[in-house]
Amino acid sequence: MTTEENKKLDMQWLETMNRRDISALDKLADEIYAPDFVSHNPSFPSLYQGLEGMKQWMRQVFKDLPDFHIAMEDFIAEGDKVVCYGTITGTNATTGEPFNMQFIHISRYAGGKIVEEWEIDVAVPVMTKSEA
Amino acid sequence: MSTEENKKIIRQWFDAFNTKDLQALEMLADETWSPDCIFHGGGVIFGKGPAYVKGFVHSVFESTPDAHVEIRDVIAEGDKGACRYTVYGTNNTDGKQEVTEVMLISRFSGGKIADAYQLAVPIQTQVKV
């Protein structure tokens, strides 16, 4: 796999997340995530681990944020790693509150699959109508 | 500037930070950050240019005299470089050990960082016994 191919897989994953198509995501996840991939996320250390954990997590995310959307800012790829960063938005299904979070994510590829990832998430203050 | 040179600029800055030599850091700040570099992240603008960085390093070493950075990764492509690093330090008011995980995205222009986008998450605080 080349760096460009890795970057394409990262892009493809995020685009499929934005379609919120669970069966397409399951299929793609099997192709691009190693079964025992390791996730490092200091904001949500126990969010998910491994392919099956991640599949459960995305189902939960689409329940919590039915209009989940990732706006990608850019990708930086070198060697076996791809950095992507952007903003995740959505509406909390329970509270109706807007959700707005910036992220920087790093994927490490080996043998054509993501074997490790790192992410930092920071919630962006959402202005209420009275502040806007 | 090549991506390797950009990576070197990032590493050089954090290596200098770890020497805690404020005079050297002030000099290096002018070489590293462009005057109109905006420091931002999480919907917040922290400051602009080397002046902001100089003030920042002063305040860090005042509140956290043993602050040091461990660079975990530097990844570069085109005019951008990403750095994943961890900041360690002991807060001198409450003795708490602070660990912060950080990712920085730098955009380079004319051999300097022209945009600095950073997200940071504190992961652990412990009272030193």
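Chain identifiers are assigned alphabetically (A, B, ...) following the order of the sequence lines, protein sequences preceding nucleic acid strands; residue numbering begins at 1 within each chain. These numbers were taken from a predicted model, which means no experiment stands behind them.
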Is there a path of hydrophobic side-chain contacts, each under 4.5 Å between heavy atoms of I/L/V/M/F/W/Y residues, joining A:Leu47 to A:Val38? no

Is there a path of hydrophobic side-chain contacts, each under 4.5 Å between heavy atoms of I/L/V/M/F/W/Y residues, joining B:Leu25 to B:Phe46? yes

A:Ala77 and B:Ile75 have their tightest heavy-atom pair at C-CG2, 4.3 Å

Value for CZ (B:Arg84) from CD1 (A:Ile104), rounded to nearest 0.5 Å, stands at 12.0 Å

**Q.** Within one Ile-Leu-Val-Met-Phe-Trp-Tyr cluster: A:Leu14 and A:Ile114, side-chain cutoff 4.5 Å
**A.** yes

Bottom line for B:Val102: the part with an atom under 4.5 Å from chain A's heavy atoms is backbone

Heavy-atom nearest pair, A:Phe75 first then B:Glu77, reads O-OE1, 3.8 Å

When the 4.5 angstrom heavy-atom criterion is applied to B:Arg72 and chain A, the contacting part is neither

With chain B, the option among A:Val124, A:Ile76, A:Val122 that has the most non-hydrogen atom pairs under 4.5 Å is A:Ile76

*In one Ile/Leu/Val/Met/Phe/Trp/Tyr side-chain cluster, 4.5 Å: B:Val53, B:Ile71*: yes

Within one Ile-Leu-Val-Met-Phe-Trp-Tyr cluster: B:Ile38 and B:Val57, side-chain cutoff 4.5 Å: no

Under 4.5 Å to a heavy atom of chain B? For A:Glu119 that would be backbone

Correct closest heavy-atom pair for A:Val83 and B:Ala82 would be CG2-CB, 3.7 Å

Tell me whether the count of non-hydrogen atoms from other residues, nucleotides or ligands lying under 6.0 Å of NZ in B:Lys8 goes above 12.
no

Answer yes or no: does atom NZ of B:Lys20 have more than 12 heavy-atom neighbours from other residues, nucleotides or ligands under 6.0 Å? yes

Should we say atom CE of A:Met11 is surrounded by more than 12 heavy atoms from elsewhere, each under 6.0 Å from it?
yes

Cut-off 4.5 Å, heavy atoms of chain B, and the answer for A:Asn100 is neither

Verify whether one side chain among A:Gln102 and B:Tyr117 offers a donor that lies under 3.5 Å from an acceptor in the other.
-> yes

Would you confirm whether A:Glu78, through its side chain, and B:Ala76, through its main-chain N or O, come within 3.5 Å as a donor-acceptor pair? yes

One should read off an interatomic distance between A:Trp118 CH2 and B:Asp73 CG, to the nearest 0.5 angstrom, of 6.5 Å

Does any non-hydrogen side-chain atom of A:Ile106 lie less than 4.5 Å from one of B:Met103? yes

For B:Gly42 and A:Pro125, the nearest pair of non-hydrogen atoms, with its separation, is O-CD, 3.6 Å

* Asked: Can you find a heavy atom in the side chain of B:Glu101 that is under 4.5 Å from one in the side chain of A:His40?
  -> no

>> For B:Lys48, I'd like to know if atom NZ has over 12 heavy atoms of other residues, nucleotides or ligands within 6.0 Å.
In response: no

**Prompt:** Do other residues, nucleotides or ligands put more than 12 heavy atoms under 6.0 Å from the CZ atom of B:Phe56?
**Reply:** no

